[in-house]
Amino acid sequence: MEQGHIEADSAFGFDGNWQDFAKIALPNLLLTIVTLGIYRFWATTRERKYLWSHSRFVDERLEWTGTGKELFIGFALVLGLFVLPVFLLNLVAQSLIARGYEVAGAILGILPLLLLFYLTGLARFRALRYRLSRTRWRGIRGGSNDPGFKYGLSYMWKTFVGYLPAGLLIPWSMTSLWNERMGKMSFGPHHFESSADSGNVFGRFLLFYLSPFVFFIGAIVAGATGAFAGYGLGGESGAAMGGVAMIVALVLFFYIGLGLIAVAFYAKFYREVVGSTSWGDLRFNFEASTMDWVKLLIGDALLVVLTLGIGFIFLSYRHWKFFMTHMEAGGEILLDDLTQSTTATAKHGEGLLDAFDIGAI
Amino acid sequence: MHDEAFQLAAQWYDGQNAVRHEGEAVWDGGDSLRLAAPTSRMEVPLSDLAWGEERGGQKVYQRTSEPDFRLILPAELPAGLAARLPAKATYGAWVDNLGLGKATAIFAAVSVAAVALFMTAPDWLGPRVPVSWERKLGDAMIGDFGGRLCSTPAGDAAMAKLLDSVDPAKEQVRAGVANIGMVNAVAVPGGRVLLFDGLVQQAETPEELAGVLGHEVGHVRERHVMTALLRQFGLSILLSGANSGVGDTIFGLASMGYSRDAEREADEFSRARMAESDISPLGAAEFFERLGGDEEESEGSNITGWIASHPGPGERARAYRAAAKGKSFKPVLTDKEFQAIKSMCREDPDVEEFEFF
Ligand SMILES: [Zn+2]
């Protein structure tokens, strides 16, 4: 009987390098441009194949089995079944307004927005399900038997309720949606389970509410010192100049400050939700600190800016590497127990919404 | 054992569970591989194998009959066996068959052709759409304009007379005055031309109205409206309806870009019809001059809409003036008829107000 005991810091590994990735990403970029973006689906697939095959879980590499064709078909389906109808709905709404039925037209104009809201939740669910179902590890895969339609509704009402009391329930809606989504997923014979507690991230979330006061005090202090410093330089015009400089500094301070709070919150959020997720007897951990995230994002920005934009093709590589190197798992798995997943998979593109394949984790 | 027999280290997963089988693959030159490990033993036909990927310096193959089966072989295979195994795929079948350079060139050529076709489609497709279709489409989009068309018996008669002078065709466009205060006139889908009441109030002579009306009729007759509609349609498909908000309604659509050439064509149409009906083009010239023909700055007045969608009023005024040289004209409407058009919206009891959101 084969049994793996997993050391906390060795369950996940990544051994790709950016030079090899560039050999995939640069031709991808070229082919995507000359095909007016249509190659994008095959490009995504090739990138994933590289990233997955250089990622290790316990003692075996991952494998991506998704295809460009199924992503393309999924995209075409979404276009035909949702985007075009929404477009036509807009035309009808406009003609209603032109005929003088303003209220009916406005209602019809809001309908696509509601639909989009629902589809966003559905797409998050389907993207995760798609990724799990196309991931092979030791010849087995993951997935879900739930099509996610109910999750789409949950997403709508929980997000809505989250914003109601001055946004105070947003941490609850985020963790509860994570729990709901992960709970529906499985890999091999085992379900994922998640019991993230919004109480653990609530403190960080309150920073958002604290920020106006901090900025207000900062503004007074900065304005006063700036004006004084300017006054010292050159009388009244100097004071004005100092004031302008301070306003610029304050706007920067505001954006950077708000950005930092958001990063701090998300860092904590991911530690909480991943740390509360388990698979069989394995528990997961995500050990990226706020500082790690800040470094990642500053690196992203520098990479894109310094390469005049070309660097964006490496972002998926950087993010995946970040994810794999900070993922950890502990506990025991009984390899003999791991049987193939029995979840349903569609042959083509797994239903409609894989085209919305937006960040699943 | 056959001369050509090879033994290779191999690993495989049967696709039913996560147990890794480690043993060897034996090939005797035949049509199948024999896999043997303490935990598993099987015969795999070579024709059933499909290329998977290169992973960790090894080659991974799949089985067509068992999608999750994985066979992992060393990168260096005996030449005889390698020739029998499915070839490596890199970019996807099409690109792999052509080579990256050739495929790039072909894709680029096809893309350029597709873009050219898409960009020019409105120009050659627009005039070929049957007029009856355009009329049905326009009716579906606009209907009766929400009851905002002004109508009085005297005003309608005067409008009909004005239209006769610039649209002599048997099946005329439908012209009306819309109860909208902006200084503007539009040709909307469906062979319909609208003068806004704001423009009617600004007009000092019926000849001015005739010039503007003739211009808009020109847009309809030259099929500019259908062309613009198709272009707008194509654009919003490209933008996937990203910003087709409720606010920018039909008005944005109709006044939205005709090309400079189209404007010139519409002007020429207008002047030709006026010449046929002995109507003075000087009214139109004066109208354009008043709109800003002699001054570039229009000081944020409410006539910017007309200027924005119809460029170069100075140049146009000169063209209308030139058309008047050495000719004599007769009045297009009597003063009474002109006043009937001017008072149409005021005197129509059931016309709807126009309001923006
Ligand atoms: Zn025009």
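Quick caveat: nothing in here was measured; it's all calculated off a predicted structure. Note: hydrogens, waters and symmetry copies are ignored here, and every other heavy atom, side chains too, is used. Per chain, numbering begins at 1; letters A, B, ... match sequence-line order.
- Within the 4.5 angstrom heavy-atom criterion, no atom of B/Leu71 approaches chain A.
- With chain B as partner, the option from A/Asp15, A/Leu36, A/Ile33, A/Ile38 having the largest number of non-hydrogen pairs under 4.5 angstrom is A/Leu36.
- The shortest heavy-atom contact between A/Thr35 and B/Ser111 is CA-OG, 3.6 Å.
- Contact of A/Leu113 with chain B is not made at all, since no heavy-atom distance falls under 4.5 Å.
- The environment of CH2 in B/Trp51 is crowded: more than 12 heavy-atom neighbours from other residues, nucleotides or ligands sit within 6.0 Å.
- Within the 4.5 Å cutoff, the side chain of A/Arg138 has no heavy atoms near those of the B/Asn17 side chain.
- The number of heavy-atom neighbours closer than 6.0 Å to CE of B/Met119, taken from other residues, nucleotides and ligands shown, is 12 or below.
- Side-chain atoms of B/Leu100 and A/Leu31, non-hydrogen and from C-beta on, do get closer than 4.5 Å to each other.
- The part of B/Gln62 that comes within reach of chain A is its side chain, from C-beta onward, which places non-hydrogen atoms under 4.5 angstrom from that chain.
- For the pair B/Glu53 and A/Leu62, the tightest heavy-atom approach, listed with the atom from each and the gap, is OE2-O, 4.4 Å.
- B/Glu54 contributes atom CD, which lies 12.0 Å from atom NZ of A/Lys49 (distance to the nearest 0.5 angstrom).
- Atom-to-atom distance recorded for A/Arg136:CZ and B/Tyr13:OH is 13.5 Å, nearest 0.5 angstrom.
- More than 12 heavy atoms of other residues, nucleotides or ligands shown are found within 6.0 angstrom of CD on B/Gln58.
- Interface remark: B/Phe107 contributes backbone and side-chain atoms alike to the contact with chain A (heavy atom separation under 4.5 Å).
- B/Lys59 NZ: more than 12 foreign heavy atoms inside a 6.0 Å radius.
- The local environment of CD in A/Gln19 is crowded, with over 12 non-hydrogen atoms from other residues, nucleotides or ligands closer than 6.0 Å.
- When heavy atoms are compared at a cutoff of 4.5 Å, A/Arg61 approaches chain B by way of both its backbone and its side chain.
- Using a 4.5 Å cut-off on side-chain heavy atoms (C-beta onward), B/Arg55 and A/Glu60 make contact.
- Between B/Asp68 and A/Glu63 there is no side-chain heavy-atom pair separated by less than 4.5 Å.
- Looking at A/Thr67, there are no atoms closer than 4.5 Å to chain B (heavy atoms on both sides), in backbone or side chain.
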